[in-house]
Amino acid sequence: MSKKVYCIAQFQPKPGKEQALFQVLQGLEPNTLREDGCQQYIVTRHIPSPFAEGESFPIVFNEIWRDMASFEAHCQRAEIKAFFERYCLADDGLAAKWNVCVYSDEPQQYDAPVF
């Protein structure tokens, strides 16, 4: 077990904006990979396979962070905040929807049942 944080950040581009959004996201990789605590930060595209027919947004970041503090520091960086403001929240942005989730490989801690 570890304190690692695994982040999946999915993006649904606006119609006709997939390539532009992918390129903007690729531009975030170099600086992020230099951040303290960043172990993996790769933007990927969905590809078809008969063995993986689940639903997903077409562009997905696969991230691994040393711990939650590293992930949260990344989220507060000016470059990341500016990305979301310009490309996700702005009316003329490139993303129609986005979904950012974090995960752990540690077992779930359950409260003891109360009898």
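Note that the numbering runs from 1 along the sequence shown for the chain.
- Neither Ile8 nor Trp65 shares a network with the other; the hydrophobic side chains, linked directly or stepwise wherever heavy atoms of I, L, V, M, F, W or Y lie under 4.5 Å apart, form separate groups for each.
- The shortest heavy-atom contact between Cys75 and Ile80 is O-CG2, 4.1 Å.
- Side-chain atoms of Asn99 and Gln12, non-hydrogen and from C-beta on, never get closer than 4.5 Å to each other.
- Taking the side chain as every heavy atom from C-beta outward, Glu29 and Ile42 approach each other to under 4.5 Å.
- Here the closest non-hydrogen pair linking Gln10 and Phe57 is OE1-N, 3.1 Å.
- In this structure Glu63 satisfies the salt bridge (charged side-chain N to carboxylate O under 4.0 Å, His left out) test with no other residue, sequence neighbours excluded.
- Annotation: salt bridge (charged side-chain N to carboxylate O under 4.0 Å, His left out) contacts of Glu79 (sequence neighbours excluded): Arg77.
- With rounding to the nearest 0.5 angstrom, the NZ atom of Lys3 is 11.5 Å from the CE atom of Met68.
- Atoms CD and CG, on Gln26 and Leu21 in that order, are 10.5 Å from each other to the nearest 0.5 Å.
- No single ILVMFWY cluster, assembled from side-chain heavy atoms under 4.5 Å apart, contains both Leu28 and Val60.
- Side chains of Ser104 and Tyr6 form no contact here, defined as non-hydrogen atoms less than 4.5 Å apart.
- Looking at Arg45 and Gln19, their side chains come closer than 4.5 Å, going by heavy atoms from C-beta outward.
- The nearest pair of heavy atoms linking Ser56 to His46 is CB-CD2, 4.5 Å.
- Note that SG of Cys38 is 10.5 Å distant from CZ of Arg66, once rounded to the nearest 0.5 Å.
- The heavy-atom pair separating Ile59 from Pro13 by the smallest distance is CD1-CG, 4.4 Å.
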Run the side-chain contact (heavy atoms from CB on, under 4.5 Å) check on Leu89 and Trp98 step by step: do they pass?
CA-CA 10 Å; Leu89 298 172; Trp98 54 97; 3.7 Å; yes
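- Looking at residues two or more places apart in sequence or on another chain, you find a ring pair (Phe, Tyr, Trp, His ring centres under 6.0 Å) between Phe83 and Phe11, Tyr87.
- Between Phe61 and Leu25 the shortest heavy-atom distance is CZ-O, 3.5 Å.
- Taking all atoms of both residues into account, the shortest heavy-atom contact from Lys14 to Ala95 is CE-O, 3.7 Å.
- Under the 4.5 Å side-chain criterion, counting only non-hydrogen atoms from C-beta, Glu35 is not in contact with Tyr41.
- Side-chain atoms of Val5 and Ile64, non-hydrogen and from C-beta on, never get closer than 4.5 Å to each other.
- Taking OH of Tyr103 as the reference point, atom SG of Cys7 lies at 8.5 Å (rounded to 0.5 Å).
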